[in-house]
Amino acid sequence: TTAQTPLRILEALSATGLRAVRYAKEIPNASDIVANDLSAEAAKLIQRNIDHNGCADRVSASCSDASLLMYGSQQPGTHYDVVDLDPYGSPAQFLPSALQCVAEGGLLCVTCTDMAVLCGNHGDACYGKYGSVPVKSPFCHEMALRILLASLSSHAGRYHRYIVPMLSLSIDFYIRVFVRVYTSPGKVKEVPCNLATVYNCTGCSSFHLQPWARAVPSAGANPKILPAMGPVVPQQCAECGFKFHVGGPIWRAPISDPVFVSKVVDDVVARREAFGTADRIIGMLSMVNEELADVPLYYCMSKICNVVHCSSPKILALFSALIRLGYRASFVHSCKTGVKTNAPAHVLWDVMRAWVQSNPVKTPSEQSPAAKILAKETKLEVSFEILPEANPPSRKNNLLRRQLNPEPGWGPKCRAKKRHADGEVENELEKRKRLQGKRVKKPQPDLKKFACKRFLAGECPLAEEDCCYHHKVATEAPASGTQEEEMEPSSTP
């Protein structure tokens with residue numbers, strides 16, 4: 001769209017409506033913005049913020065179920081040019097409706113904050129929500145982005161639509177992707193070529209990708225899609241002899257569009273005074289553009305050095321060594337010590353063996369990955385002298401690439417607090433009173449007034465003080481006129 005084309009924007013899970021207000025303030029051609037939330041209290045707060053910021057002519061508040069609202073916008077003329085999903089946790093339940101209500105070529109913005117699920121701590125939950133199994137590994141944050149893109153692509157394909165990733169970011173405690181959505185049954189058939197299974201070595205953390213399909217030129221306009229050739233790995237890792245963890249499917253195609261990212265950077269630079277975090281935006285997007293777009297996943301420098309128990313070389317020295325060998329290398333925005341390279345795993349470990357030769361380490365145990373890796377001979381001539389081209393422009397220009405958190409413990413907070421009927425937030429004292437006694441154990445009945453049947457049968461192995469029943473023997477019926485009570489065991493006559 002051009003700067004003059006009117007835009008319809010839906011913020012489906014708006015909460016306070018502040019992002020919708022920012023859309024109205026910062027996007028001149030945003031003519032119709034809907035800020036929706038299921039909570040009636042949130043809808044009132046949205047309307048209050050709209051009135052306070054003076055943008056009621058372009059922003060409207062809505063109190064509706066997000067999925068139903070989006071399902072109701074599937075017909076031509078009711079589509080939204082931009083749909084923004086920013087839920088508390090996973091957006092999985094909103095993806096089918098969101099992908100159907102986006103206009104042709106429209107932008108879908110999706111945020112995930114359930115990083116424990118996407119990064120491998122709860123693989124079963126990840127499969128249930130996103131249809132992929134994660135691998136708990138150093139590259140987990142980029143894998144989380146690629147799992148989300150694979151899930152979006154899977155949902156879109158059911159409606160003959162496909163996605164084109166424009167920008168994918170792993171920021172602080174969440175991930176966020178921006179994709180354009182198009183309709184083409186022919187393109188949907190090519191989607192398997194963009195998917196892959198991940199093999200991650202449990203010993204040295206080397207990884208390999210097995211594509212799902214391959215495109216073969218045909219006589220027609222569209223290529224023929226055939227199954228991929230494989231497998232790409234043996235049963236055991238060729239570097240250390242350990243077995244593999246298997247994960248996926250993930251999106252293996254580029255996750256960002258360099259042209260789009262460059263335009264965003266240029267726009268932020270031109271309007272720097274309009275953005276309070278302009279320095280961070282420019283720095284992070286510059287790093288995204290410097291990443292190797294055609295190389296999925298990355299190695300973590302600290303993990304590589306930990307495997308062979310050596311000190312870490314300067315990351316620019318490692319880049320220089322790989323560049324001299326004819327390969328490419330770059331930083332990654334999602335990990336401070338991440339190394340993205342198109343060099344095969346055996347080349348990377350050859351470089352590390354050369355580093356260990358000049359920086360000796362203690363003899364590792366025979367069964368460790370380090371012993372098997374270092375036992376091999378170095379076949380390549382490696383030099384760690386730093387090359388000028390190894391240093392990326394964002395680092396040369398001292399851009400703000402990784403901003404520190406503003407305060408200790410900064411990050412996602414708990415869900416919205418419970419409110420009373422009058423709209424007032426429940427305070428801590430009221431919450432304690434409401435939950436008082438919830439976890440207190442109920443008093444158990446006194447069982448000492450009942451006779452122990454095992455004792456009466458002569459089978460109870462416990463002493464009377466240890467048994468929960470009494471061990472008193474039933475006495476004969478007392479003579480008439482006595483006040484002594486008769487104690488008889490309970491039995492059926």
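Keep in mind it's a predicted model, so treat the numbers as computed, not measured.
- With 3.5 Å as the limit, one finds a donor-acceptor pair spanning the side chains of Ser14 and Glu11.
- Judged by distance alone, with hydrogens and angles left aside, the side-chain atoms of Thr277 form no donor-acceptor pair with the main-chain N or O of Arg280 at under 3.5 Å.
- No hydrogens or angles considered: nothing links the side chains of Ser153 and Trp251 as a donor-acceptor pair under 3.5 Å.
- A side-chain N or O of Glu290 and one of Ser394 form a donor-acceptor pair less than 3.5 Å apart.
- Between Arg161 and Glu104 there is a salt bridge, since at least one side-chain N of the basic residue sits less than 4.0 Å from a carboxylate O of the acidic one.
- Counted within 6.0 Å of CZ on Arg324, heavy atoms from surrounding residues, nucleotides or ligands total more than 12; the atom is thus considered enclosed.
- The number of heavy-atom neighbours closer than 6.0 Å to CD of Glu385, taken from other residues, nucleotides and ligands shown, is 12 or below.
- Taking the charged nitrogens against the carboxylate oxygens, Arg19 and Asp84 do have a contact shorter than 4.0 Å, which makes a salt bridge.
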request  = Start with the C-alpha distance between Asn200 and Ser205, add both sets of side-chain angles, then the distance that settles side chain to side chain donor-acceptor pair (under 3.5 Å), and finish with yes or no.
outcome  = CA-CA 6 Å; Asn200 182 226; Ser205 292; 4.9 Å; no
ask   = Can Phe244 and Phe207 be said to form a ring-ring contact (aromatic ring centres under 6.0 Å, His included), step by step?
value = CA-CA 9 Å; Phe244 292 96; Phe207 60 85; over 10 Å; no
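- Side-chain contact, Glu239 with His346: no donor N or O sits under 3.5 Å from an acceptor N or O.
- How far CG of Leu149 is from OH of Tyr130: 12.0 Å, rounded to the nearest 0.5 Å.
- Between the side chain of Ser154 and the main chain of Ala150, no donor-acceptor pair closer than 3.5 Å is present.
- Each of Val82, Asp32, Leu107 was evaluated against Ile9; a single residue qualifies, Val82, per the side chain to side chain contact (heavy atoms under 4.5 Å, CB included) test.
- A side-chain N or O of Asn121 and one of Lys136 form a donor-acceptor pair less than 3.5 Å apart.
- A donor-acceptor pair under 3.5 Å is absent between the side-chain atoms of Asp114 and the main chain of Val117, judged by distance alone.
- With no hydrogens or angles considered, a side-chain donor-acceptor pair links Gln47 and Asp51 at under 3.5 Å.
- Defined by atom type and a distance below 3.5 Å, a donor-acceptor pair is missing between the side-chain atoms of Tyr162 and Asn194.
- Under the 4.0 Å criterion applied to side-chain N and carboxylate O atoms, Arg8 and Asp81 are not assigned as salt-bridge partners.
- Atom OG1 of Thr197 is separated from atom CG of Leu209 by 8.5 Å, given to the nearest 0.5 angstrom.
- Under a 4.0 Å N-O distance rule, the pair Asp294/Arg328 qualifies as a salt bridge.
- Comment: Glu26 does not engage Arg271 in a salt bridge, judged by the lack of any side-chain N to carboxylate O separation of less than 4.0 angstrom.
- Considering Val268, Asp267, Val269 as possible partners of Val265, the one that fulfils the side chain to side chain contact (heavy atoms under 4.5 Å, CB included) test is Val269.
- Remark: Arg180 fails to qualify as a cation-pi partner of Phe260 under the 6.0 Å distance and 45° angle criteria applied to the six-membered ring.
- Tyr299 and Ser206 share no side-chain donor-acceptor pair at under 3.5 Å.
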